[in-house]
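Letters A, B, ... mirror the listed sequences (proteins, then strands); counts begin at 1.
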Amino acid sequence: MGALNLAEWQKLPISLSELCINTTLRCGQSFRWRKNDAGVWSMALHNRILSLHQDPQYLYYRSIPPSARQTPPTPPSSHPPSISEPTDDDTLELLHHYLNLAPNLTDLYQQWSASDANFAKKAPKFTGVRILKQDAWEALVGFICSSNNNIARISQMVHKLCINYGPLLGHLDDEPYHDFPPPHALAQDGVEAKLRSLGFGYRAKYLYRTACMISSKPDNWLETLRNPESPTLGVEPTSGSDWAPEGRPGYRAAHTALLTLQGVGPKVADCVCLMGLGWGEAVPVDTHVWQIAQRDYKFGKGKHASLTKATYDAVGNRFRALWGREAGWAHSVLFTADLRAFSERLVAKVEKVEEGVVIGVKMEGGDEGEQDVVKVEEVVERGIKREAEEEGESKVLEVEEKVVRKTKRRRKA
DNA sequence: ATGCAACCTATCTA
DNA sequence: ATAGATAGGTTGC
């Protein structure tokens with residue numbers, strides 16, 4: 001962890017409340033970031049390899065530009081003489097855009113907390129969750145892969161797409177980094193069979209057919225569906241004349257257009273709207289969000305007993321009415337809180353341990369009461385397995401196992 | 001308009 | 001140890 005020479009990195013002052021890459025880059029938005037043992041996140045992006053590291057004061061960044069590679073794709077003479085190589089300012093601009101740094105996340109969290117007690121309760125453990133501005137095509141492909149799937153396998157599948165169909169940009173830590181393949185690369189004969197052999201399952205056909213459909217449209221078709229408001233500043237009142245719980249007309253139009261693609265249903269369409277097209281009000285209702293809607297927002301009964309198309313829209317409208325124009329951002333915070341990969345943050349905090357006896361246990365992130373004691377106990381167990389794989393903090397593990405035994409006795413007492 | 005089985009696969013769960 | 005459920009769903013009947 002400590003063998004990083006950060007002196008050679010560019011840095012940007014930013015607080016963990018405004019951006020937490022450790023949460024944002026692995027909460028199921030983007031599937032290509034990889035973290036090494038030194039805590040450096042890397043990904044091929046826009047013809048370069050980008051690396052990130054964060055501490056409480058700064059976001060550190062650096063990129064391996066095309067010029068550092070063996071064979072530049074374009075001769076230097078084709079560039080204007082003043083800008084012969086990508087500069088670090090260029091990278092900063094790219095970062096600012098990709099990480100979507102314009103909106104003030106702290107203000108937004110405050111707004112959502114003021115209008116929703118449940119958000120106020122859950123959010124403090126999951127600050128700095130920011131919606132990335134990803135490429136729309138990449139988001140589309142990634143979320144077509146996401147159906148009936150888990151984040152680990154989705155990431156693996158996207159990686160295979162890049163390896164097999166994306167241009168090689170270079171190496172880092174002896175590993176190849178490929179850029180994301182363009183639509184025409186996936187619209188070739190034989191792609192479906194190849195993807196099946198690579199383990200994509202029934203999504204192989206969806207990807208091939210959607211790639212063909214996108215390739216047959218004008219090049220900028222996806223871009224025409226984008227939110228034209230360049231940076232979405234979220235601090236203005238959300239009850240403007242153009243605002244409705246259904247969302248803005250441009251968002252509805254984009255959503256409808258995306259539904260015509262193979263393998264794209266309402267949930268995937270909303271993921272692309274939110275993370276690829278800049279529509280902050282898009283609320284993807286997946287299995288997690290549906291659970292949340294039932295548990296914390298009184299859905300799941302009467303008219304909205306099951307997740308039909310009508311219920312899907314009702315859930316989105318409810319959250320948009322509650323959280324406002326950046327409802328999709330707030331949704332992602334609660335979604336992240338529900339992910340198993342982050343369940344360790346809901347673990348009860350051990351105040352003191354003496355001779356194997358738990359003296360005090362403080363619950364965080366849940367209601368009081370018998371029901372939740374059982375819930376937390378389950379979360380603790382999953383948290384242990386998770387940590388054992390990733391961090392290997394043996395002392396913490398021992399303590400938490402004792403917590404498990406302690407709380408287990410209270411099961412259904 | 002709602003309900004339902006089928007769809008690929010790796011991992012978790014009981 | 002092993003069948004069943006689940007993981008950021010969509011499709012077609």
Side-chain angles (χ1 to χ4, degrees), chain A residues 23-31 126 129 131-132 134 138-161 192-210 213 255-256 258-276 282-294 300 302-316 319 328-329 331-343 374 377-386 388-390 408 411:
Chain A
T23 309
T24 300
L25 300 185
R26 64 191 184 104
C27 69
Q29 288 192 59
S30 171
F31 304 103
F126 299 90
V129 177
I131 296 296
L132 304 170
Q134 300 183 72
E138 175 174 348
L140 174 59
V141 169
F143 288 108
I144 286 176
C145 292
S146 77
S147 81
N148 239 316
N149 211 344
N150 57 74
I151 293 177
R153 183 154 82 116
I154 300 163
S155 303
Q156 194 180 96
M157 288 162 69
V158 170
H159 186 60
K160 284 178 180 172
L161 277 181
E192 180 184 340
K194 169 91 170 194
L195 292 182
R196 269 192 179 271
S197 76
L198 288 172
F200 282 67
Y202 62 84
R203 302 163 199 85
K205 186 191 289 185
Y206 294 162
L207 289 177
Y208 172 67
R209 291 175 64 172
T210 287
M213 292 174 79
H255 185 95
T256 302
L258 290 169
L259 288 180
T260 64
L261 302 169
Q262 280 298 306
V264 179
K267 187 268 177 183
V268 170
D270 272 329
C271 285
V272 177
C273 283
L274 177 63
M275 299 159 203
V283 177
V285 182
D286 53 40
T287 167
H288 287 284
V289 176
W290 176 234
Q291 297 301 318
I292 292 169
Q294 294 175 91
K303 172 85 183 85
H304 299 127
S306 66
L307 188 48
T308 63
K309 174 65 175 144
T311 302
Y312 184 99
D313 291 335
V315 171
F319 285 142
W329 290 54
H331 137 280
S332 280
V333 176
L334 294 192
F335 169 81
T336 302
D338 218 52
L339 278 181
R340 293 175 36 152
F342 295 96
S343 59
V374 175
E377 162 201 325
E378 292 164 353
V379 169
V380 169
E381 288 175 335
R382 297 198 298 238
I384 287 171
K385 277 196 175 176
R386 195 75 199 178
E389 288 164 10
E390 290 180 355
K408 252 183 183 167
R411 167 169 277 181

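Regarding K205(A), its NZ atom lies at a distance of 12 Å from the C1' atom of dA6(B), rounded to whole Å. Following rounding to the nearest Å, Q262(A) (CD) and dG9(C) (P) show an atom-to-atom distance of 18 Å. Atom-to-atom, CD of Q291(A) to P of dA7(C) comes out at 8 Å; the value is rounded to the nearest Å. Regarding N148(A), its CG atom lies at a distance of 15 Å from the C1' atom of dC12(B), rounded to whole Å. Spacing between atom CG of D313(A) and atom C1' of dT2(B) amounts to 14 Å, rounded to whole angstrom units. The CG-P distance, from L307(A) to dC4(B), rounds to 14 Å in whole Å. Rounded to whole angstrom, the span from the CZ atom of R203(A) across to the C1' atom of dA10(B) amounts to 11 Å. Put simply, CD1 on I144(A) is 9 Å from P on dT11(C), counting in whole angstrom units.
Within 4.0 Å of C145(A), counting heavy atoms only, lies no atom of the nucleic acid at all. Heavy atoms of L195(A) sit nowhere under 4.0 angstrom from any nucleic acid atom. Residue contacts for V289(A): at a heavy-atom cut-off of 4.0 Å it reaches no nucleic acid atom on any strand shown. Within 4.0 Å (heavy atoms only), G28(A) reaches at least one base atom of the nucleic acid. Counting non-hydrogen atoms under 4.0 angstrom, M157(A) reaches nothing in the nucleic acid. Heavy atoms of A310(A) sit under 4.0 angstrom from primed sugar atoms or phosphate atoms, though from no base atom.
Looking at heavy atoms from C-beta onward, V315(A) lies out of side-chain contact with V283(A) at the 4.5 angstrom threshold. A 4.5 Å side-chain heavy-atom check between Q134(A) and Q29(A) finds at least one atom pair inside the cut-off. Using a 4.5 Å cut-off on side-chain heavy atoms (C-beta onward), V285(A) and F319(A) make no contact.
Straight-line distance between the C1' atoms of dT10(C) and dT11(B): roughly 22 Å, to the nearest whole Å. Comparing dT9(B) with dG12(C), their C1' atoms are spaced 22 Å from each other, to the whole Å. With both ends at atom P, the span from dA5(B) to dG8(C) equals 23 Å, rounded to whole Å.
For NZ of K205(A), the number of neighbouring non-hydrogen atoms (other residues, nucleotides, ligands) closer than 6.0 Å is 12 at most.
Mapping L259(A) and F143(A) onto DNA chain C by nearest heavy atom places F143(A) at the nucleotide closer to the 5' end. Summary of the strand contacts: R209(A) and I154(A) both lie near DNA chain C, and taking for each the nucleotide with the nearest heavy atom, the more 5' one is attributed to I154(A).
For R196(A), a side-chain nitrogen or oxygen approaches OP1 or OP2 of dC8(B) to under 4.0 Å. Dashed line: the shortest gap from a side-chain N or O of R153(A) to OP1 or OP2 of dT6(C) is not under 4.0 Å. The side chain of S147(A) contributes no N or O atom lying less than 4.0 Å from OP1 or OP2 of dG8(C). In this structure, K303(A) reaches the dT2(B) phosphate: one of its side-chain N or O atoms is under 4.0 Å from OP1 or OP2.
Pairing for dG8(C) is absent, with no Watson-Crick or G-U wobble pair whose two atom distances lie under 3.5 Å. The partner of dC8(B) cannot be assigned: no Watson-Crick or G-U wobble pair with both contacts below 3.5 Å exists in any strand.
Taking both residues in full, the closest heavy atoms of A269(A) and L258(A) are given as O-CD1, 3.6 Å, listed atom of the first, atom of the second, then distance.
Relative to the side chain of Q29(A), the nucleotides dC12(B), dT11(C), dG8(C) differ in distance, and dG8(C) lies closest.
The CE atom of M275(A) sits 11.0 Å away from the CH2 atom of W329(A) when rounded to the nearest 0.5 Å.
A donor-acceptor contact under 3.5 Å links the side chain of Y202(A) to the base of dG9(C).
Ring pair H331(A)/F335(A) is parallel by interplanar angle, where below 30° counts as parallel and above 60° as perpendicular.
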